[in-house]
2 protein chains.
Amino acid sequence: MIQSPSNIIAATTPYLAAGRRMRRTPFTSRVEALGCRVFSVYNHMLLPEVFRGDEADYHHLKTHVQVWDVGCERQVELIGRDAARLAQLMTCRDISKCRTGQCLYVPLVDEKGGMINDPILIRLAEDRFWLSIADSDVLLWAKGLAAGMKLDVTCAEPDVWPLAVQGPKAEDLCAKVLGEEVRAITFFHFAEIEWRGHRFIVARSGWSKQGGFEIYVNDWHLGGALWDELMRQGQAFNVGPGAPHNTERIEGGLLSYGNDFTNANNPFEIGLEKYVHLDRPIEFLGRAALERINAKGIARRMMGLFIDAKALPACDSPWPVWAGSTKAGELTSCSISPMFGKGIGYAMLERGVWEEGTKLTLETPDGARHAATVTPLPFWRP
Amino acid sequence: MIQSPSNIIAATTPYLAAGRRMRRTPFTSRVEALGCRVFSVYNHMLLPEVFRGDEADYHHLKTHVQVWDVGCERQVELIGRDAARLAQLMTCRDISKCRTGQCLYVPLVDEKGGMINDPILIRLAEDRFWLSIADSDVLLWAKGLAAGMKLDVTCAEPDVWPLAVQGPKAEDLCAKVLGEEVRAITFFHFAEIEWRGHRFIVARSGWSKQGGFEIYVNDWHLGGALWDELMRQGQAFNVGPGAPHNTERIEGGLLSYGNDFTNANNPFEIGLEKYVHLDRPIEFLGRAALERINAKGIARRMMGLFIDAKALPACDSPWPVWAGSTKAGELTSCSISPMFGKGIGYAMLERGVWEEGTKLTLETPDGARHAATVTPLPFWRP
């Protein structure tokens, strides 16, 4: 049993009320049994956040292997003659060369070029896709477009619950539990793997930079048994439960919808320009808007900040960043990085102050001011 | 300062992680200062849940007046030549007679007749509406339909933050703070009210059966000051902070999207047939589907249950309801009602066991079995 971490629970830490509206996943009972006490809500579903304490979770993830309950990464399934067309309409990235068996990171944009979500697109067949989504109701967006355009496509939420296995020993654990063939799965590709007579999609992917897999458990009732077997067979690898880790993902440059960007941002502002394929003959909803934005140039841009701080509160609102006495932008996420021995964070910065090396000041809600230096993203590349 | 309630915090109650993804409202700092420790997440935003303890909050709401931070009731604004057409396309309720100044409860349904949300429609002008939504991203649904159909309408989230004033003394408090003219606002109508030189929409509405108003604060930065003035001027009425109350709303028959129904339910199943206007010449998306369902009849129906219990856990998953040894359906919400001195709840019941007076058995996750009796909704009408 892992004890709830005293180092992240303050006297004022809020409790989470219970209700069906914040759905449990097939793995929730397992993480509760292991002592998880801290959750967030993601796609109307519980996301466990901390097991051993913030820093211990970080080192465990980077050293061993963790099993993550990311059942909240809901799947939006598109099936039908127009499935590929709808998928392309939603993203500025060219998906025409995405083959069955492949995964693509696809920024979704609306008609104004504003971000809707940044899911992984999984091509299951010529006419069948899953979008493995971040925290917004992409199903409603897809259904609205499909209904409005009378497309021949069914959009639905399938009985699929991702379980992530992440960390340097993830491949060994997955090979042991799911078979040696997982070793042949290359990055952002998937294979259908048999486990106890069931067949799961297993992709080499996951929201960390430590390597690993996402297992798309396609039956609610199998979730607990698979979790238990991963824990049992993983003893030799020092397996443990875990969760997407804020420090590790910031170090690696991973973005979080709702934290780092919202519908008010376009993909250029958040460093996703390489996925904006305006030079390809693809039809997508925000094309005209992104062409205008591209021609005009952006007025703000997300950059990294190194922050002179030994401790920082959790960023739960847009903290101001100053260039002298002028507002330079807003912090979107931050953490203290054991790798760098100081604070790191993302900030949406105004034109003129986003160049590498610019000296800024971060103001935290307690009134403290921290010197900060602009740096390109990611902070670290494996 | 209100103390966090020991009677709803168990040793295993989870904590809520912090992050910008779970947005604060303009009133969050106020409820924190008043000692609120229990929140849920609603429309990606913090919703305070408990102040004095569950039963003390209930009695206070029914006796005095509470101010509720319901900033999480996001507004979806529809503006443009096709705004009324889009609003009608989304709901099975005839909105053609809804005048400016009026509010309507509108079940939103998709092309299959499945519920998308159950917001309040607020007609601000001929070509301008707000949908004051429950917990799903209606903005994406509206934008998807509008983009797909190339409608002449802008769908956006305005800078508007509802603050509810609920309870028997709500009118006196609102009259004192906002002016005597609020007394003339009739149920489910609104007026534009001036406060300190700003003009707010104030509607006689709210998610309780105790009467009161919802103030649509149209500037983030005014929220705190209005909260403070309501608290200050409300001393004579024994004002206090509060929140939508699970027991009170179940007694009154109010439904909660995500708890009591989801996209898997149609409006007939959840007792909303009076808002399904198939006899009117209106064009809405789920019309053909609801006509088929109406002709065929439904296979399950939400009903009330009186439950023989002195205490019940919080319902956070679909608890089975049995008719003898046959599964009769699932509980969706429950509470112990001080008014009835026993458990009350909603259950989605199969055809054949939904008649009033049917004797059933509720099974809770701890393995306990409670005798239950089917009853029509609502349990209580003011």
Side-chain angles (χ1 to χ4, degrees), chain A residues 4 8-9 12-24 28 32 36-42 44 46-50 110-111 116-117 135-151 157 246 256-260 262-263 285 313-318 332-333, chain B residues 4 8-9 12-24 28 32 36-42 44 46-50 110-111 116-117 135-151 157 246 256-260 262-263 285 313-318 332-333:
Chain A
S4 53
I8 66 139
I9 305 299
T12 55
T13 302
Y15 292 95
L16 177 59
R20 283 183 64 179
R21 191 167 54 68
M22 289 157 293
R23 299 159 68 191
R24 295 166 67 85
T28 304
E32 285 173 341
C36 181
R37 288 291 304 282
V38 185
F39 292 81
S40 68
V41 177
Y42 195 98
H44 314 277
L46 296 177
L47 171 61
E49 291 271 353
V50 187
D110 67 16
E111 74 288 355
I116 292 283
N117 202 289
D135 184 23
S136 71
D137 294 343
V138 172
L139 180 58
L140 296 185
W141 174 240
K143 278 164 65 91
L145 286 172
M149 298 178 74
K150 299 187 188 302
L151 297 180
E157 181 183 305
N246 193 47
S256 168
Y257 187 78
N259 283 313
D260 303 315
T262 69
N263 187 241
L285 213 69
C315 182
D316 62 357
S317 58
T332 67
S333 288
Chain B
S4 52
I8 67 139
I9 305 299
T12 55
T13 303
Y15 293 95
L16 176 61
R20 282 183 65 180
R21 192 168 52 69
M22 288 157 293
R23 300 158 69 191
R24 296 166 66 86
T28 304
E32 286 173 341
C36 180
R37 288 291 305 282
V38 185
F39 292 81
S40 69
V41 177
Y42 195 98
H44 314 278
L46 297 177
L47 171 61
E49 291 271 354
V50 187
D110 66 16
E111 73 289 354
I116 292 283
N117 201 289
D135 184 23
S136 71
D137 294 343
V138 171
L139 180 58
L140 296 185
W141 174 240
K143 277 164 67 91
L145 287 172
M149 298 178 73
K150 298 188 189 301
L151 297 180
E157 181 183 306
N246 194 46
S256 167
Y257 187 77
N259 283 313
D260 302 316
T262 70
N263 187 240
L285 214 70
C315 183
D316 62 357
S317 57
T332 67
S333 287

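Residue numbering restarts at 1 for every chain, and letters A, B, ... go by the order of the sequence lines.
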Could you check whether any side-chain N or O of A:R21 sits under 3.5 Å from a backbone N or O of B:D260, counting only pairs where one atom can act as donor and the other as acceptor?
no
Looking at every heavy atom in both A:W141 and B:G144, which two are closest together, and how far apart are they?
CZ3-N, 3.4 Å
Start with the C-alpha gap between B:K143 and A:N263, add the side-chain angles, then the distance that decides, and say whether side chain to side chain contact (heavy atoms under 4.5 Å, CB included) holds.
CA-CA 12 Å; B:K143 277 164 67 91; A:N263 187 241; 3.8 Å; yes
How close do A:A17 and B:E49 get, heavy atom to heavy atom, and via which atoms?
CB-CG, 3.7 Å
Minimal heavy-atom distance between B:L140 and A:I116, with the atoms involved, is CD2-CD1, 3.5 Å
Go through the atoms of B:D110 and report whether side chain, backbone, both or neither lie under 4.5 Å from a heavy atom of chain A.
side chain
Checking heavy atoms, do the side chain of A:P48, its backbone, both or neither come under 4.5 Å from chain B?
neither
How far does CD of A:E157 sit from OG1 of B:T262, to the nearest 0.5 angstrom?
9.0 Å
Would you name the heavy atoms of A:L145 and B:A147 that are closest together and state the gap between them?
CD2-CB, 4.0 Å
Which residues pass the side chain to side chain contact (heavy atoms under 4.5 Å, CB included) test with A:N246, not counting sequence neighbours?
A:R249, A:I250, A:S335
Contact part of A:L151 toward chain B, heavy-atom cut-off under 4.5 Å: side chain, backbone, both or neither?
neither
If we only count heavy atoms from C-beta on, is the A:C315 to B:R20 side-chain gap below 4.5 Å?
yes
Structural part of A:A314 lying under 4.5 Å from a heavy atom of chain B:
side chain
Parallel, tilted or perpendicular for A:H44 and B:H44, by the 30°/60° rule?
tilted
Go through B:S317, B:S333, B:A18 and name the one with the most non-hydrogen pairs under 4.5 angstrom from chain A.
B:S317
All ring-ring contact (aromatic ring centres under 6.0 Å, His included) counterparts of B:Y257, not counting sequence neighbours:
B:F261
Check whether B:P313 gets within reach of chain A through its side chain, its backbone, both or neither, counting any heavy atom under 4.5 Å.
neither
Region of B:T12 in contact with chain A, defined by heavy-atom distances below 4.5 Å:
backbone
Which heavy-atom pair separates B:T13 from A:L16 by the least distance, and what is that distance?
CG2-O, 4.3 Å
